[in-house]
Amino acid sequence: MSDYRPETRAVHLPQPTIEGSRPISMPIYQTSGFVFDDPETMADGMSRPDGPFVYGRYTNPTVRSLELAISGLEGGAGAIATGSGMGAINAVLLGLLKPGDHLIAQDALYGGTAAMINDLAGRFGITVSYVAEDDPAALRAAVRPETRLVYLETIANPMGRVADLPGMFAAARELGLVSVVDNTFATPMLCRPIEHGADIVIHSTTKYLSGHTDVVGGIAVFADDALYKKVWHFAIELGASADPFAAWLTLRGLQTLALRMERHCANARLLATRLAEHPAVTAVHWPGLPSHPSYELAGKLLPDFGGVFAFDLAGGRAAGERFMRSVRLALLAPSLGGVETLILHPATTSHHALSAAELARHGIGEGTVRAAVGIEHAEDLWADFAQALA
Ligand SMILES: Cc1ncc(COP(=O)(O)O)c(C=O)c1O
């Protein structure tokens, strides 16, 4: 490079080769593309997901590190990291369904997913039937010749219904359907759906996997190579790829996932139990409480029940709004799965796209508040909730 003029040398910067050592943590490969010595290797990189790195929309070493890490935790054959959880859901549903196809989804889904599925039905002629998440007989009854896919959530947002993954996936397998499950609320620390027969596991990595409320991301993990390759081709066309910095933040968060999940679950247990005894609260929806409809199933499927619960206030919507204005430590904010405790009103926020009938089907009332419990000291959180209830 010393033969070139300063204008050229300022563009083509030196890159030291690292010899005799390697970085402890995964570096951020902040580059949109890669340089090749020959065109054959470059073509190879564009033809397969596990080939040489070629272009950032395909993947990138930092993004691949995240894909390998989460695929490994879930027990998958491969994974595609995306720019958001909705990016992963879109990559899977649009990558696998075509006009005329039918899908079966569980009644109570995250509002964004429910809205996306309604949109698919309205604009692309893909029909959908809803069944309870724990009813394999209803799944069998809903199937049609054009049914392709079953879509569940391990623990549903926000009411905590737990899906009968072994029963539903066994029925799906018999019927030749692809089984997809959103495992965002459980994380692979509480459930690895591929062990129960899932074909595809989706996460909003925005939530527990990154865990620090500083990144938006998603991932789809595939149990087998054929489905992985099929969706990989479509994901590249969709252009929903993860950014290297976002992937790096997620990797950093992932290293403490196990510890954080223990605290999220323990804090949720304390708050849910005390709220259930409080006179201002009419119901608490957390699958670790005996009063929850999924309690028995959850006990068989999960070692603990996650950090999110919803609760209904006796005073309805006005009481819910007063509660949200009165908390001092918990933050009124969207999302969940971060270290801070966040609360929101599902009917007007996370599930605002749903009609009154759909909200009723999800069991979400006007006075329902959702709490995504963080990792603060549980007694500080309870003191905050108690003063807000008072
Ligand atoms: C269960 C679940 N799945 C998917 C999503 C969508 O993820 P993202 O916001 O990262 O697109 C969310 C977001 O709240 C969610 O709660």
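Numbering of ligands and ligand atoms starts at 1, following listing order.
A salt bridge links R161 with E133: the distance from a Lys NZ or Arg NE/NH1/NH2 to an Asp or Glu carboxylate oxygen falls below 4.0 Å. Electrostatic pairing of E277 and R274 does not count as a salt bridge here, judged by no charged N lying under 4.0 Å from a carboxylate O.
Between A156 and A108, the shortest heavy-atom distance links the atoms CB-O, 3.3 Å. In this structure, V216 and T206 approach most closely via the heavy-atom pair CA-OG1, 3.5 Å.
The backbone N or O of E376 lies less than 3.5 Å from a partner atom in the side chain of N267, making a donor-acceptor pair.
Remark: E379 CD is packed, more than 12 non-hydrogen atoms of other residues, nucleotides or ligands lying under 6.0 Å away.
Residues of the protein with a heavy atom under 4.0 Å from ligand 1 are S84, G85, M86, I89, Y110, N157, D182, T184, F185, S204, T206, K207, G217, listed by chain and number.
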